[in-house]
K.L.:
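Below is one structure. I have some questions about it.
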Amino acid sequence: MARTRLIAALILTYVAFAMLLNSVGTVILQSISSFDVTKPQASTLEGFKDITIAVISFVTASYLPRIGLRRALIGALALAVAGCIIMPLFGSFNVARLHFAIVGAAFAIAKVVVYSMIGLVTDSPRKHASLTSLIEGMFMVGVLSSYWVFSAFIDPTGLRWLNAYWVLGAITALALALLLSAPVDEQSLHDGTDSAEGGGAAFARMLRLAALPLVLVFVLCAFVFVLIEQGIQSWLPTFNNEVLHLPAQMSVQAASLFAACLAIGRFGAGAVMARFDWYPVLNICLAALAALIILVLPLADGLPPGAIHNWRDAPIAAFLFPLIGIALAPIYPTIISVMLSAMPGRQHPPLMGLVVVFSALGGTTGSVITGQIFAHLDGRTAFTLMLVPTMILAGGLFLLRRRIAANDA
């Protein structure tokens with residue numbers, strides 16, 4: 001029963017942070033109109049979130065087992081609740097920056113804890129991969145839910161959309177209450193050196209881990225993947241609004257289709273990975289991603305601005321482009337599960353700290369580059385150029401497979 005409550009707490013925690021973190025695309029769109037900021041200014045919201053995630057993860061990941069994973073996650077959830085409260089009370093663009101910095105700091109801790117705890121409630125690589133895919137799938141359910149929660153509060157004028165954060169705060173508080181009722185045995189995450197070594201030694205051990213060729217290739221793959229995912233996800237509402245000419249509310253709702261496809265892909269990934277080797281499956285995913293970009297984006301060319309009031313008026317590209325999410329979905333949880341299954345449990349927290357750091361940097365890089373291309377060229381060009389990191393990721397997966405094989409030999 002305690003194990004079930006802990007798994008439920010981990011899942012709801014990920015759902016809550018999914019809704020908070022991935023509201024950035026909606027907030028970018030609304031900030032441009034509500035707070036009268038430029039696109040490059042709006043793109044900095046991703047930086048306030050991701051740079052904070054990177055810094056906090058890098059500084060704290062090696063210390064979390066000594067602090068206690070459960071205590072750290074309780075603190076992270078409480079901080080996230082506070083971040084939700086300030087948005088509707090003091091809404092402005094600078095407060096939005098502060099909000100994403102607070103949520104980023106909380107998520108930096110939460111992600112390391114959640115992935116480290118997966119090893120505490122599973123007893124085989126296959127079960128580890130299955131639960132990882134489930135949690136990542138529920139993360140995308142949170143992303144999907146976030147779009148619809150915000151769209152319910154969006155009106156043409158005013159700041160009513162900020163009230164969506166009361167809903168997000170309540171969900172986060174529920175995750176906190178559930179975690180408080182779930183005891184956790186963290187003994188397996190410690191080894192004989194944990195109690196003897198100081199904080200500096202723990203940090204140095206994390207840096208030595210980062211220097212391993214296998215880990216370097218792994219974090220490169222994580223960086224490039226998140227660059228692609230966040231570059232698309234953060235700017236898809238704006239793409240729908242400015243390129244496809246959907247109204248703001250429909251632009252946010254249409255972006256939820258991308259999250260829905262990611263959720264479907266991640267739930268399906270668990271069943272697929274149980275039957276097939278991960279490497280050919282992920283290469284098929286990358287090929288499908290490239291094909292969709294090449295075939296679907298031309299459908300966005302030359303669409304005339306017009307009155308679109310319902311989904312019957314929406315262009316076909318609004319429905320086809322989000323299918324990219326199905327191709328992207330299996331990649332991230334699969335490479336993380338493969339790495340964690342190949343490493344001893346005591347190395348999971350520092351390894352996940354490195355993942356969170358490079359994922360955050362990838363998210364910021366993707367959002368800022370996409371925002372700059374949006375501002376200086378156009379939305380179609382910005383998304384078409386995602387073919388470049390897609391090819392880089394294919395090369396990274398090839399190197400990752402070789403390094404894992406060498407490590408197992």
K.L.:
Determine the minimum heavy-atom distance between Pro315 and Leu246, stating which atoms define it.
P.N.:
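Between these two residues, the closest heavy atoms are CD-CD2, 4.0 Å.
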K.L.:
Would you mind reporting whether Pro333 and Arg266 have side-chain heavy atoms less than 4.5 Å apart?
P.N.:
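Yes, at least one pair of side-chain atoms sits under 4.5 Å.
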K.L.:
Would you check if the side chain of Arg70 reaches a backbone N or O of Leu180 as a donor-acceptor pair within less than 3.5 Å?
P.N.:
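Such a contact is found between Arg70 side chain and Leu180 backbone.
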K.L.:
Could you measure the distance from the CG atom of Leu297 to the CG atom of Leu292? Nearest 0.5 Å is fine.
P.N.:
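Atom-to-atom, Leu297:CG and Leu292:CG are 9.5 Å apart.
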K.L.:
Where the side chain of His99 meets the backbone of Val95, is there a donor-acceptor pair that is under 3.5 Å apart?
P.N.:
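Looks like no, no N/O pair under 3.5 Å.
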K.L.:
Is a donor on one side and an acceptor on the other found under 3.5 Å between the side chain of Thr381 and the backbone of Leu377?
P.N.:
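No: the side chain of Thr381 does not pair with the backbone of Leu377.
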K.L.:
Working to the nearest 0.5 Å, report the span between CG of Leu29 and CD of Glu242.
P.N.:
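CD of Glu242 is found 8.0 Å from CG of Leu29.
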K.L.:
Kindly give the heavy-atom pair with the smallest separation between Pro298 and Ile293, and that separation in Å.
P.N.:
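Between these two residues, the closest heavy atoms are CD-O, 4.1 Å.
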K.L.:
Do Trp161 and Ser34 have a side chain donor and acceptor closer than 3.5 Å?
P.N.:
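Ser34 and Trp161 do have a side-chain donor-acceptor pair below 3.5 Å.
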K.L.:
Can you tell which of Phe321, Phe258, Phe374 makes a ring-ring contact (aromatic ring centres under 6.0 Å, His included) with Trp235?
P.N.:
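Among Phe321, Phe258, Phe374, the one that satisfies the ring-ring contact (aromatic ring centres under 6.0 Å, His included) with Trp235 is Phe374.
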K.L.:
Considering only residues two or more places apart or on different chains, which pairs with a residue in residues 286-300 satisfy side chain to side chain donor-acceptor pair (under 3.5 Å)?
P.N.:
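Sorted result for residues 286-300: empty, none.
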K.L.:
With side chains defined as the heavy atoms from C-beta onward, is the minimum distance between Leu216 and Arg403 less than 4.5 Å?
P.N.:
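No. Closest side-chain heavy atoms not under 4.5 Å.
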K.L.:
Among side-chain atoms of Ser256 and Trp148, is any donor-acceptor pair under 3.5 angstrom?
P.N.:
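Looking only at side-chain atoms, Trp148 and Ser256 do form a donor-acceptor pair, the distance falling under 3.5 Å.
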K.L.:
If we only count heavy atoms from C-beta on, is the Asn163 to Trp166 side-chain gap below 4.5 Å?
P.N.:
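Sidechains of Trp166 and Asn163: in contact.
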K.L.:
Could you walk me through whether Leu351 and Met339 pass the side-chain contact (heavy atoms from CB on, under 4.5 Å) check?
P.N.:
CA-CA 9 Å; Leu351 180 63; Met339 274 297 296; 4.2 Å; yes
K.L.:
Yes or no on side-chain contact (heavy atoms from CB on, under 4.5 Å) for Val355 and Tyr332, after CA distance, side-chain angles and deciding distance?
P.N.:
CA-CA 10 Å; Val355 172; Tyr332 192 70; 3.4 Å; yes
K.L.:
Thr172 and Leu77: which non-hydrogen atoms are nearest, and at how many Å?
P.N.:
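In terms of heavy atoms, the two residues are closest at CG2-O, 3.7 Å.
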K.L.:
Closest approach of Leu178 and Ala8, non-hydrogen atoms and distance?
P.N.:
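Result for this residue pair: CD2-C, 3.6 Å.
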K.L.:
I'd like to check Trp278 versus Leu400 (side-chain heavy atoms, cut-off strictly below 4.5 Å). Are they in contact?
P.N.:
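Yes. Closest side-chain heavy atoms under 4.5 Å.
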K.L.:
Looking at Thr44 and Gln41, would you say the former's side chain and the latter's main chain have a donor-acceptor pair under 3.5 Å?
P.N.:
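Answer holds: yes.
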K.L.:
Looking only at non-hydrogen atoms, find the nearest pair between Ile32 and Ala42 and report the distance.
P.N.:
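The answer is CG1-CB, 4.0 Å.
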K.L.:
When you compare the side chain of Ile335 with that of Leu282, does any pair of heavy atoms fall below 4.5 Å?
P.N.:
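Yes; the side chains approach each other to less than 4.5 Å.
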K.L.:
For the residue pair Phe17 and Phe107, is the inter-centroid distance of their aromatic rings smaller than 6.0 Å?
P.N.:
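Ring centroids of Phe17 and Phe107 are less than 6.0 Å from each other.
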K.L.:
Give a yes or no answer on whether the side chain of Asn283 reaches the backbone of Tyr279 with a donor-acceptor pair at less than 3.5 Å.
P.N.:
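Yes: the side chain of Asn283 pairs with the backbone of Tyr279.
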K.L.:
Roughly how far, to the nearest 0.5 Å, is the CZ atom of Phe100 from the CG atom of Leu21?
P.N.:
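Going from the CG atom of Leu21 to the CZ atom of Phe100 covers 8.0 Å.
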K.L.:
Could you walk me through whether Asp50 and Leu361 satisfy the side-chain contact (heavy atoms from CB on, under 4.5 Å) test, starting with their C-alpha distance in whole Å, then the side-chain angles of each, then the deciding distance to 0.1 Å, before giving a yes or no?
P.N.:
CA-CA 6 Å; Asp50 288 339; Leu361 295 175; over 6 Å; no
K.L.:
Indicate yes or no: at least one non-hydrogen side-chain atom of Val143 is less than 4.5 angstrom from one of Met19.
P.N.:
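No - every pair of side-chain heavy atoms lies 4.5 Å or more apart.
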K.L.:
What's the spacing between Ile86 CD1 and Ser92 OG if we round to 0.5 Å?
P.N.:
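So the gap between those two atoms works out to 9.0 Å.
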K.L.:
Any chance you could lay out the side-chain contact (heavy atoms from CB on, under 4.5 Å) test for Phe223 and Phe218, step after step, and finish with the verdict?
P.N.:
CA-CA 9 Å; Phe223 174 91; Phe218 168 58; over 6 Å; no
K.L.:
Check whether any side-chain heavy atom of Val219 lies under 4.5 Å from a side-chain heavy atom of Val357, and answer yes or no.
P.N.:
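Heavy-atom side-chain distance check fails, nothing below 4.5 Å.
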K.L.:
Applying salt bridge (charged side-chain N to carboxylate O under 4.0 Å, His left out), can you list everything that pairs with Arg97, at least two apart in sequence or on another chain?
P.N.:
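Arg97: no salt bridge (charged side-chain N to carboxylate O under 4.0 Å, His left out) contacts found.
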K.L.:
Is it true that a side-chain atom of Asn241 and a backbone atom of Pro237 form a donor plus acceptor pair closer than 3.5 Å?
P.N.:
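Checked: no pair found.
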K.L.:
Quick one: closest heavy-atom pair of Ala327 and Ile331, and the distance?
P.N.:
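Looking at all heavy atoms of both residues, the shortest contact is O-CD1, 4.0 Å.
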K.L.:
Give, for atom CG of Leu227 and atom CD1 of Ile369, the distance between the pair rounded to the nearest 0.5 Å.
P.N.:
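Answer rounded to 0.5 Å: 5.5 Å.
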K.L.:
Please tell me if the side chains of Met386 and Thr370 come closer than 4.5 Å, counting only heavy atoms from C-beta onward.
P.N.:
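Yes, side chains in contact.
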K.L.:
Can you tell me how far the CG atom of Leu397 sits from the OG1 atom of Thr334, to the nearest 0.5 Å?
P.N.:
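Reported value, rounded in 0.5 Å steps: 10.0 Å.
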K.L.:
Checking Tyr165 now: which residues fulfil side chain to side chain donor-acceptor pair (under 3.5 Å) with it, not counting sequence neighbours?
P.N.:
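Only Ser23 meet the side chain to side chain donor-acceptor pair (under 3.5 Å) criterion with Tyr165.
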